[in-house]
A.B. asks: 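Handing you this structure, nothing more for now.
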Amino acid sequence: MGKVIFYEDRNFQGRSYECMSDCSDMSSYLSRCNSCRVESGCFVVYDRPNYMGNQYFLRRGEYADYMFFGMSDSVRSCRMIPQYRGSYRMRIYERENFQGQSYELMDDCDNIQDRYRMSDCRSCHVMDGYWLMYEQPHYKGRMLYLSPGEYRSMRDVGYSGMRFSSVRRITDSC
């Protein structure tokens with residue numbers, strides 16, 4: 001079970017909201033969110049309501065200023081990442097709708113282009129586990145949280161024109 005406390009102001013000041021599950025719109029609880037403290041578990045926070053916009057992965061720790069992880073605005077929604085201890089399996093595809101060159105991953109990949117000689121990753125199918133996909137090699141740049149399911153197009157999840165270059169499993173180190 002995860003727990004995060006969001007604060008309206010930087011450095012854990014102002015009104016707070018304690019969250020132990022997904023929250024699609026934090027404006028019901030806080031007028032803004034500029035810092036947080038993750039007491040347990042892992043979360044993905046978003047800079048727009050309804051799990052949209054830029055995403056940031058948070059594990060146990062203190063985040064005194066949302067600018068620390070490059071957010072352009074305050075935290076607006078969050079998802080708790082379920083604890084998972086099973087195997088990991090994901091198939092990535094070069095083109096939308098599961099077309100083109102494809103590869104199955106069961107481990108982290110720090111550079112999709114170098115390892116698989118794939119020019120791009122435009123769709124994927126997550127069979128097992130929870131993953132983070134990044135726009136740059138070596139787990140850098142904007143990221144996308146992926147739970148089990150089919151992702152026919154990265155445009156459908158708000159990432160039009162973005163090239164994904166690395167992918168990492170979310171392990172039980174939360």
Side-chain angles (χ1 to χ4, degrees), residues 1-4 19-24 36 38 40-48 50-61 63 66 68-72 75-174:
M1 187 78 166
K3 179 180 174 183
V4 60
C19 185
M20 294 188 289
S21 62
D22 295 353
C23 180
S24 64
C36 67
V38 179
S40 60
C42 292
F43 290 83
V44 173
V45 296
Y46 302 79
D47 63 3
R48 292 179 38 211
N50 299 312
Y51 318 113
M52 299 298 289
N54 292 314
Q55 305 177 19
Y56 302 91
F57 174 70
L58 305 178
R59 59 176 22 117
R60 187 182 173 124
Y63 302 86
Y66 71 93
F68 171 76
F69 37 89
M71 291 188 92
S72 59
V75 175
R76 301 288 185 197
S77 56
C78 77
R79 282 195 194 278
M80 184 181 76
I81 300 171
Q83 290 259 326
Y84 181 76
R85 300 197 192 290
S87 61
Y88 289 80
R89 203 162 58 108
M90 157 193 247
R91 182 165 286 281
I92 57 174
Y93 297 84
E94 190 173 29
R95 296 197 315 255
E96 293 181 343
N97 294 312
F98 314 118
Q99 300 294 310
Q101 191 176 355
S102 72
Y103 290 96
E104 188 166 300
L105 284 75
M106 295 167 47
D107 207 348
D108 299 349
C109 177
D110 68 349
N111 194 320
I112 293 170
Q113 284 76 22
D114 285 355
R115 183 177 297 170
Y116 299 112
R117 302 289 184 244
M118 276 180 75
S119 62
D120 206 352
C121 175
R122 297 271 182 199
S123 58
C124 68
H125 179 198
V126 176
M127 286 83 83
D128 299 305
Y130 299 88
W131 300 74
L132 297 173
M133 192 173 273
Y134 296 83
E135 74 175 328
Q136 296 173 18
H138 309 290
Y139 321 113
K140 298 197 183 311
R142 291 184 298 170
M143 54 149 280
L144 173 64
Y145 166 62
L146 299 168
S147 58
E150 293 183 345
Y151 300 85
R152 294 187 168 281
S153 171
M154 295 308 179
R155 286 182 298 151
D156 295 345
V157 290
Y159 284 88
S160 178
M162 189 167 135
R163 168 183 254 164
F164 289 99
S165 298
S166 55
V167 63
R168 154 183 288 169
R169 299 163 299 142
I170 301 174
T171 61
D172 62 355
S173 60
C174 296

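Hydrogens, waters and symmetry mates are skipped; everything else that's a heavy atom, side chains included, is used.
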A.B. asks: Please report the C-alpha distance between Arg91 and Leu105 in whole Å, then the side-chain angles of each, then the deciding distance to 0.1 Å, and finally whether the side chain to side chain contact (heavy atoms under 4.5 Å, CB included) criterion is met.
C.D. replies: CA-CA 6 Å; Arg91 182 165 286 281; Leu105 284 75; over 6 Å; no

A.B. asks: Hey, does the side chain of Ser123 reach the backbone of Arg95 with a donor-acceptor pair shorter than 3.5 angstrom?
C.D. replies: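 At least one qualifying donor-acceptor pair exists.
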
A.B. asks: Is the backbone N or O of Arg122 less than 3.5 Å from a side-chain atom of Asp120, with the two atoms forming a donor-acceptor pair by type?
C.D. replies: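 Here the side-chain-to-backbone pair does not exist.
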
A.B. asks: Just verifying a value: how many Å separate Gln55 CD and Arg142 CZ, rounded to the nearest 0.5 Å?
C.D. replies: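 Answer for the CD-CZ pair, Gln55 versus Arg142, is 10.5 Å.
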
A.B. asks: Taking the six-membered ring for Trp, are Tyr130 and Tyr145 parallel (under 30°), tilted (30 to 60°) or perpendicular (over 60°)?
C.D. replies: parallel

A.B. asks: How far does CZ of Arg169 sit from CG of Leu146, to the nearest 0.5 angstrom?
C.D. replies: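 Going from the CZ atom of Arg169 to the CG atom of Leu146 covers 14.5 Å.
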
A.B. asks: Can you name the closest pair of heavy atoms from Ser166 and Asp110 and give their distance?
C.D. replies: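 Closest pair (atom of Ser166, atom of Asp110, distance): CB-O, 3.4 Å.
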
A.B. asks: I need the minimum non-hydrogen distance between Ser77 and Met52, along with the two atoms involved.
C.D. replies: OG-N, 4.4 Å

A.B. asks: Return the set of residues passing side-chain contact (heavy atoms from CB on, under 4.5 Å) with Met20 (not counting sequence neighbours), or none when no residue passes.
C.D. replies: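 With sequence neighbours excluded, Met20 shows a side-chain contact (heavy atoms from CB on, under 4.5 Å) to Met1, Lys3, Glu18, given in chain and number order.
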
A.B. asks: Would you indicate whether the side-chain heavy atoms of Tyr134 and Val167 approach each other to under 4.5 Å?
C.D. replies: no

A.B. asks: Do Asp128 and Pro148 come within less than 4.5 Å of each other through their side chains, counting heavy atoms only?
C.D. replies: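 Not touching, per the 4.5 Å side-chain cut-off.
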
A.B. asks: Looking at Tyr46, does the NZ or CZ of Arg76 lie under 6.0 angstrom from its six-membered ring centre and within 45 degrees of the ring axis?
C.D. replies: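 No, Arg76 does not lie over the aromatic ring of Tyr46.
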
A.B. asks: Hey, does Ile92 have a side-chain heavy atom less than 4.5 Å from the side chain of Phe164?
C.D. replies: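 Side-chain contact under 4.5 Å: no.
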
A.B. asks: Between Ser165 and Ile112 (side chain of the first, backbone of the second, donor and acceptor by atom type, cut-off under 3.5 Å), is there such a pair?
C.D. replies: no

A.B. asks: Okay, side chain of Tyr151, backbone of Val126: is any donor-acceptor separation there less than 3.5 Å?
C.D. replies: no

A.B. asks: Does any part of the side chain of Tyr116, heavy atoms only, come nearer than 4.5 Å to the side chain of Cys109, both counted from C-beta?
C.D. replies: yes

A.B. asks: Out of curiosity, Met90 CE to Cys121 SG, how far, rounded to the nearest 0.5 Å?
C.D. replies: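 Answer for the CE-SG pair, Met90 versus Cys121, is 7.0 Å.
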
A.B. asks: At what distance, to the nearest 0.5 angstrom, does CD of Gln83 lie from OG1 of Thr171?
C.D. replies: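 Answer rounded to 0.5 Å: 10.0 Å.
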
A.B. asks: Should Tyr103 and Met118 count as side-chain neighbours, where that means a heavy-atom distance under 4.5 Å?
C.D. replies: yes

A.B. asks: Is any side-chain heavy atom of His125 closer than 4.5 Å to a side-chain heavy atom of Met127?
C.D. replies: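 Side chain of His125 against side chain of Met127, heavy atoms only: contact under 4.5 Å found.
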
A.B. asks: Check this for me, if you would: do Glu135 and Lys140 make a salt bridge, where the nitrogen-to-carboxylate-oxygen distance has to be below 4.0 angstrom?
C.D. replies: no

A.B. asks: Without swapping roles, check the side chain of Asp47 against the backbone of Asn54 for a donor-acceptor pair under 3.5 Å.
C.D. replies: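 Yes, Asp47 side chain to Asn54 backbone: donor-acceptor pair under 3.5 Å.
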
A.B. asks: Between Glu104 and Met106, is the side chain to side chain contact (heavy atoms under 4.5 Å, CB included) condition met? List the steps.
C.D. replies: CA-CA 7 Å; Glu104 188 166 300; Met106 295 167 47; 4.0 Å; yes

A.B. asks: Do Arg152 and Glu96 meet the salt-bridge criterion of a basic N to acidic O distance under 4.0 Å?
C.D. replies: no

A.B. asks: Evaluate the side-chain proximity of Val38 to Phe43: yes if any heavy-atom separation is below 4.5 Å, no if none is.
C.D. replies: yes

A.B. asks: Let me see the working for Phe57 and Ile170 under side chain to side chain contact (heavy atoms under 4.5 Å, CB included), right down to the final yes or no.
C.D. replies: CA-CA 10 Å; Phe57 174 70; Ile170 301 174; 4.0 Å; yes

A.B. asks: For Asn111, is there any backbone N or O sitting under 3.5 Å from a side-chain donor or acceptor partner on Gln113?
C.D. replies: no

A.B. asks: Among Val45, Asp22, Val44, find the residue that satisfies the side-chain contact (heavy atoms from CB on, under 4.5 Å) test when tested with Tyr51.
C.D. replies: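 When Val45, Asp22, Val44 are each tested with Tyr51, the side-chain contact (heavy atoms from CB on, under 4.5 Å) holds only for Asp22.
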
A.B. asks: Can you tell if the side chain of Arg59 reaches within under 4.5 Å of the side chain of Cys42, non-hydrogen atoms only?
C.D. replies: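 Yes, their side chains come closer than 4.5 Å.
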
